[in-house]
Engineer: 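Pasting a structure here, questions to come.
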2 protein chains.
Amino acid sequence: MTATYGEIDPPQRLLMGPGPVNAHPRVLRAMSADLLGQFDPEMTAYMNEVMALYRPVFGTQNRWTFLVDGTARAGIEAALVSMVAPGDTVLVANFGRFGLLLTEILGRIGARIETVDAPWGEVVPLGAIADAIARTGPKLVATVHGDTSTTMAQPLDGLGRLCADAGALSYVDATATIGGMEIAADRWGVDIVTGGLQKCLGGPSGSAPITISDRAAAHIQRRKHVEQGIRRDDIDDGEGVRIGSNYFDLAMIMDYWSEKRLNHHTEATTMLYGARECARLMLEEGLEARYLRHRRAGAAMTAGLRALGLPVFGDDRYRMPNVTAASIPDGIDGETVRRRMREDFEIEIGTAFGRLAGKMWRFGAMGYNARKHKVLLTLGALEAVLRAEGYSCLVGEAVPAALAAWEAAP
Amino acid sequence: MTATYGEIDPPQRLLMGPGPVNAHPRVLRAMSADLLGQFDPEMTAYMNEVMALYRPVFGTQNRWTFLVDGTARAGIEAALVSMVAPGDTVLVANFGRFGLLLTEILGRIGARIETVDAPWGEVVPLGAIADAIARTGPKLVATVHGDTSTTMAQPLDGLGRLCADAGALSYVDATATIGGMEIAADRWGVDIVTGGLQKCLGGPSGSAPITISDRAAAHIQRRKHVEQGIRRDDIDDGEGVRIGSNYFDLAMIMDYWSEKRLNHHTEATTMLYGARECARLMLEEGLEARYLRHRRAGAAMTAGLRALGLPVFGDDRYRMPNVTAASIPDGIDGETVRRRMREDFEIEIGTAFGRLAGKMWRFGAMGYNARKHKVLLTLGALEAVLRAEGYSCLVGEAVPAALAAWEAAP
């Protein structure tokens with residue numbers, strides 16, 4: 001009956017896939033701090049600090065900037081279920097697997113879904129989004145910033161204005177880019193942006209930062225329905241359609257993070273400590289320096305893969321710096337290479353989804369792992385494994401090419 | 001723009017409220033281990049170990065025993081939204097705030113809700129549940145094991161048989177009892193039980209252990225609808241009504257935890273490490289020894305509070321060992337006492353909800369804090385604060401009474 005297993009002792013592996021990646025050691029150390037009571041003044045002070053720390057991370061002045069307790073996917077569902085009522089029309093600008101995920105979640109909410117699609121490896125032109133808005137009259141326009149399935153990053157400047165002019169709210173899933181590419185919620189004019197810790201923020205999965213414009217917050221508050229067990233005289237229900245989830249009810253969660261401190265879930269304190277340290281590290285490094293580091297890592301990885309003779313997937317103008325997909329050469333078994341990378345070098349590289357499955361590997365350089373030596377070590381190991389598998393390439397070119405690209409990256 | 005705050009440094013506080021409580025230091029240390037790739041063999045091995053470790057914790061042989069990534073409330077919603085379709089009749093056996101929470105979540109799912117209620121401080125007799133089942137013909141019977149709002153623990157032996165005989169599924173929220181009172185999912189015959197780490201399991205909030213009977217799993221699998229981005233030939237959709245949430249779709253989450261390893265969310269690895277260590281600690285201590293320790297702590301707390309002249313709330317036959325509510329004496333300000341306990345002694349005690357708000361304090365002795373010295377220190381501090389606030393009681397009686405009760409507890 002009593003299965004017993006030893007102390008946790010994972011291998012010291014370098015995670016160079018599309019995420020999760022290795023957490024920054026400071027984040028893990030911060031998470032070992034002891035717990036606090038849910039409404040103790042030190043705990044609520046830390047909650048307020050998290051709100052302040054994530055505003056610059058999101059490029060926003062939004063008051064409502066906080067954490068959803070769950071993985072990045074929880075943040076997406078919280079945003080969508082709180083904004084969208086059954087029957088609402090939602091336009092999804094879709095260019096990969098995570099755009100499909102938005103339609104999937106919206107379908108369960110009961111939304112009327114319209115899409116404007118780009119082929120894998122491209123992005124959706126702003127003009128096409130504008131046309132689709134005019135055609136479909138959506139209440140919400142939803143898209144993804146960086147879709148790791150295709151390695152594309154959708155340009156978002158101008159999206160918010162387009163939506164606001166049409167009376168639509170806007171939502172962006174920035175899970176794969178937050179911490180590695182600029183998030184400019186205010187300049188984009190986007191109403192809600194969500195993220196996760198486990199990619200470019202250099203933390204573990206399990207907490208989803210979110211920012212909400214005042215306009216979207218007012219929309220959501222009109223749907224508020226405080227649960228019976230904790231009704232209070234100072235908090236009224238709204239007139240709108242009740243939000244379809246209790247756990248993801250952002251109206252109640254906002255009251256929990258406000259000075260009202262309405263009891264909702266029990267905040268995941270250890271994850272909050274981790275999220276706080278992720279943002280602290282980012283602001284210490286400086287946003288511009290951090291984005292440059294990710295651009296350098298992406299440029300180096302791309303140059304190294306090309307020097308190995310591996311074509312890189314997707315439109316160069318829109319490729320994310322932090323994840324790069326490259327073709328598996330003819331005659332090489334992709335999974336054997338992944339296994340040898342893992343077993344001989346303790347380096348993880350990624351597979352691919354959907355129509356790229358079996359044809360591409362994906363190489364990440366995110367957060368704590370977007371560093372020169374980690375990119376160089378990965379490319380050196382990959383060259384050795386490919387040659388051992390019988391692949392012929394120019395020998396010893398990948399690492400110098402990557403190093404040169406690192407230095408040259410703008 | 002760049003708010004900066006110092007390194008995380010919470011006070012070393014003793015959390016003797018109704019939870020969260022201090023995590024066991026071994027749990028926090030386990031959580032500082034580095035991350036693994038989502039499908040790396042060592043990660044999936046840890047997932048399988050978690051499944052094995054939680055079976056004895058839940059008192060079950062259920063294959064489907066794993067974690068939902070979110071707080072305890074996430075586990076509740078995942079269970080209910082996966083079992084219940086809009087229009088289904090659900091009977092809630094309700095005896096406190098967390099019974100009301102079940103009705104709240106069910107309302108958003110669109111269930112037809114029936115309740116059988118006990119007054120606060122009592123439990124629902126099994127016969128009353130049987131009558132209500134006969135009257136309402138529910139598809140699901142849902143209740144709470146221990147409701148911290150009233151400190152009552154609902155007896156559950158026989159519940160599963162009652163439900164199965166009526167063709168109903170059954171669900172129990174064991175958030176407040178798991179790790180501190182026996183959970184006997186198989187003997188109870190209950191289909192789904194969920195918990196949380198932050199009370200008697202001695203971990204942080206943010207991961208919800210769940211166990212699912214084969215019968216309930218089959219019911220849920222019939223509602224499976226794999227998202228478009230990750231469809232596979234080896235996984236078919238079911239014929240049932242699609243589950244109303246993607247994040248909480250237990251059909252997909254079971255495929256993620258099975259050898260199919262269907263991609264769903266990115267597992268919250270650090271929380272999984274913590275959940276694993278919570279269960280390891282529990283099995284090392286031994287289930288019976290652990291439950292005895294909680295009974296001793298509860299008996300000691302109760303005896304001490306009564307020796308201070310504070311009436312203890314609720315029917316003694318059904319009181320939970322791990323949380324005890326006692327009346328705030330006339331003329332004493334409950335919040336002032338809580339503040340002095342916190343500021344002078346670094347001890348947190350709890351407030352109360354609903355009709356007990358302002359009338360009761362709640363004292364927890366859970367998980368790592370269900371220890372003799374912590375109960376004695378809390379009572380000694382409380383006596384000092386109460387006397388400083390002008391309350392007159394027998395001096396120096398509480399601690400010896402508690403010590404005697406600790407030793408005598410069965």
Side-chain angles (χ1 to χ4, degrees), chain A residues 1-5 8 10-13 15 17 20 22-23 28-38 40 42 49 52-53 56 69-71 73-74 77 97 100-101 104-105 108 198 204-206 227-229 242 244-247 265-271 273 276 280 283 348 353-354, chain B residues 1-5 8 10-13 15 17 20 22-23 28-38 40 42 49 52-53 56 69-71 73-74 77 97 100-101 104-105 108 198 204-206 227-229 242 244-247 265-271 273 276 280 283 348 353-354:
Chain A
M1 174 177 173
T2 49
T4 54
Y5 298 103
I8 194 92
Q12 190 175 27
R13 182 163 298 147
L15 303 178
N22 302 85
L28 297 174
R29 282 204 298 276
M31 295 178 74
S32 70
D34 202 1
L35 303 184
L36 285 166
Q38 196 171 359
D40 278 356
E42 297 84 357
E49 290 180 13
L53 286 161
D69 281 6
T71 72
R73 183 178 287 238
E77 188 159 323
R97 184 220 154 163
L100 289 177
L101 176 61
E104 160 75 15
I105 295 169
R108 294 178 188 235
Q198 76 275 11
S205 172
E227 59 193 65
Q228 201 181 338
R242 183 159 59 153
S245 165
N246 174 286
Y247 190 71
H265 62 283
T266 297
E267 184 57 21
T269 311
T270 300
M271 287 306 309
Y273 292 170
R276 179 179 178 279
R280 246 169 46 91
L283 300 185
E348 188 203 48
F353 285 115
Chain B
M1 174 177 173
T2 50
T4 54
Y5 299 103
I8 194 92
Q12 189 173 30
R13 183 162 298 146
L15 303 178
N22 303 85
L28 297 175
R29 282 203 298 275
M31 294 177 74
S32 70
D34 202 1
L35 303 185
L36 285 167
Q38 196 171 0
D40 277 356
E42 298 84 358
E49 289 179 14
L53 286 161
D69 281 6
T71 73
R73 181 178 288 237
E77 188 159 323
R97 183 220 153 162
L100 289 177
L101 176 61
E104 159 74 16
I105 295 170
R108 294 179 189 235
Q198 76 275 13
S205 171
E227 61 193 64
Q228 202 181 338
R242 181 158 60 152
S245 166
N246 172 287
Y247 191 71
H265 61 283
T266 296
E267 184 59 20
T269 311
T270 300
M271 288 305 309
Y273 290 171
R276 180 179 178 279
R280 246 169 46 92
L283 300 186
E348 188 204 47
F353 285 116

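In what follows, chains carry the letters A, B, and so on, assigned in the order in which the sequence lines appear, proteins first and then strands, with residues in each chain numbered from 1.
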Engineer: Is there a side-chain contact between Glu267(A) and Ser205(B) (heavy atoms, below 4.5 Å)?
Structural biologist: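 With C-beta onward as the side chain, the pair stays apart.
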
Engineer: So does Tyr5(A) get a backbone contact from the side chain of Arg280(B), meaning a donor-acceptor N/O pair under 3.5 Å?
Structural biologist: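 Yes; at least one donor-acceptor contact below 3.5 Å.
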
Engineer: With respect to chain B, which residue among Ser245(A), Ala268(A), Ala33(A) yields the maximal number of heavy-atom pairs within a distance under 4.5 Å?
Structural biologist: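 If we count pairs closer than 4.5 Å to chain B, Ser245(A) comes out on top.
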
Engineer: Is Met31(B) close to chain A through its backbone or its side chain, or both, or neither, when contacts mean heavy atoms under 4.5 Å?
Structural biologist: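 Contact with chain A is through both the backbone and side chain of Met31(B).
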
Engineer: Heavy-atom cut-off 4.5 Å, strictly under: side chain, backbone, both or neither for Gln38(B) against chain A?
Structural biologist: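 Looking at Gln38(B), backbone and side chain both touch chain A.
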
Engineer: Could you tell me which non-hydrogen atom of Leu35(A) sits nearest to which non-hydrogen atom of Leu15(B), and how far apart they are?
Structural biologist: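 Looks like O-CD1, 3.7 Å.
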
Engineer: For a quick test of reading the model, state the closest non-hydrogen atom pair linking Arg73(B) to Asn246(A) and the distance between them.
Structural biologist: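 Closest approach of Arg73(B) to Asn246(A): NH1-OD1, 2.8 Å.
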
Engineer: Excluding sequence neighbours, so at least two apart, what forms salt bridge (charged side-chain N to carboxylate O under 4.0 Å, His left out) with Asp34(A)?
Structural biologist: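 Once residues adjacent in sequence are excluded, Asp34(A) has no partner under the salt bridge (charged side-chain N to carboxylate O under 4.0 Å, His left out) criterion.
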
Engineer: Taking Gly206(B), Gly244(B), Gly17(B) one by one, which has the highest count of heavy-atom pairs under 4.5 Å against chain A?
Structural biologist: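 Max contact count across the listed options: Gly244(B).
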
Engineer: Give the member of Thr270(B), Ile8(B), Asp69(B), Leu28(B) that has the highest number of heavy-atom pairs under 4.5 Å with chain A.
Structural biologist: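 Ranked by contacts with chain A, first place is Ile8(B).
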
Engineer: Taking the side chain as everything from C-beta on, heavy atoms only, tell me whether Pro11(B) gets closer than 4.5 Å to Leu36(A).
Structural biologist: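 They are in contact (side-chain heavy atoms under 4.5 Å apart), so the answer is yes.
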
Engineer: I need the Glu104(B) CD to Arg242(A) CZ distance, nearest 0.5 Å.
Structural biologist: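 Going from the CD atom of Glu104(B) to the CZ atom of Arg242(A) covers 6.0 Å.
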
Engineer: Side chains of Tyr247(B) and Ile105(A), heavy atoms from C-beta outward: is any pair under 4.5 Å?
Structural biologist: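 The answer is no, as the side chains (C-beta and beyond) never meet within the 4.5 Å cut-off.
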
Engineer: What residue, out of Ser32(B), Pro10(B), Gly70(B), has the most heavy-atom pairs lying under 4.5 Å from chain A?
Structural biologist: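 Heavy-atom pair counts peak at Pro10(B).
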
Engineer: Going by the rule side-chain hydrogen bond (donor to acceptor under 3.5 Å, both in side chains), which residues pair with Arg29(A) if we only count those two or more places apart in sequence or in a different chain?
Structural biologist: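 Partners of Arg29(A) under the side-chain hydrogen bond (donor to acceptor under 3.5 Å, both in side chains) test: none.
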
Engineer: So do the side chains of Tyr273(B) and Pro204(A) get within less than 4.5 Å of each other, counting heavy atoms only?
Structural biologist: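 Tyr273(B) does not reach Pro204(A) side chain to side chain.
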
Engineer: Work out which heavy atom in Thr71(A) is nearest to a heavy atom in His265(B); give both atom names and the distance.
Structural biologist: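 Looks like OG1-CB, 3.6 Å.
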
Engineer: What part of Glu77(A) gets closer than 4.5 Å to chain B, counting heavy atoms only: side chain, backbone, both or neither?
Structural biologist: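 Side chain only.
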
Engineer: Check each atom of Glu49(B) against the heavy atoms of chain A and say whether the ones under 4.5 Å are side chain, backbone, both or neither.
Structural biologist: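 Both backbone and side chain.
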
Engineer: Given that the side chain runs from C-beta out, which part of Thr269(A) has a heavy atom under 4.5 Å from chain B: side chain, backbone, both or neither?
Structural biologist: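 Only the backbone of Thr269(A) comes within 4.5 Å of chain B.
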
Engineer: Looking only at non-hydrogen atoms, find the nearest pair between Pro20(A) and Thr266(B) and report the distance.
Structural biologist: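 Shortest heavy-atom contact: CD-CG2, 3.8 Å.
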
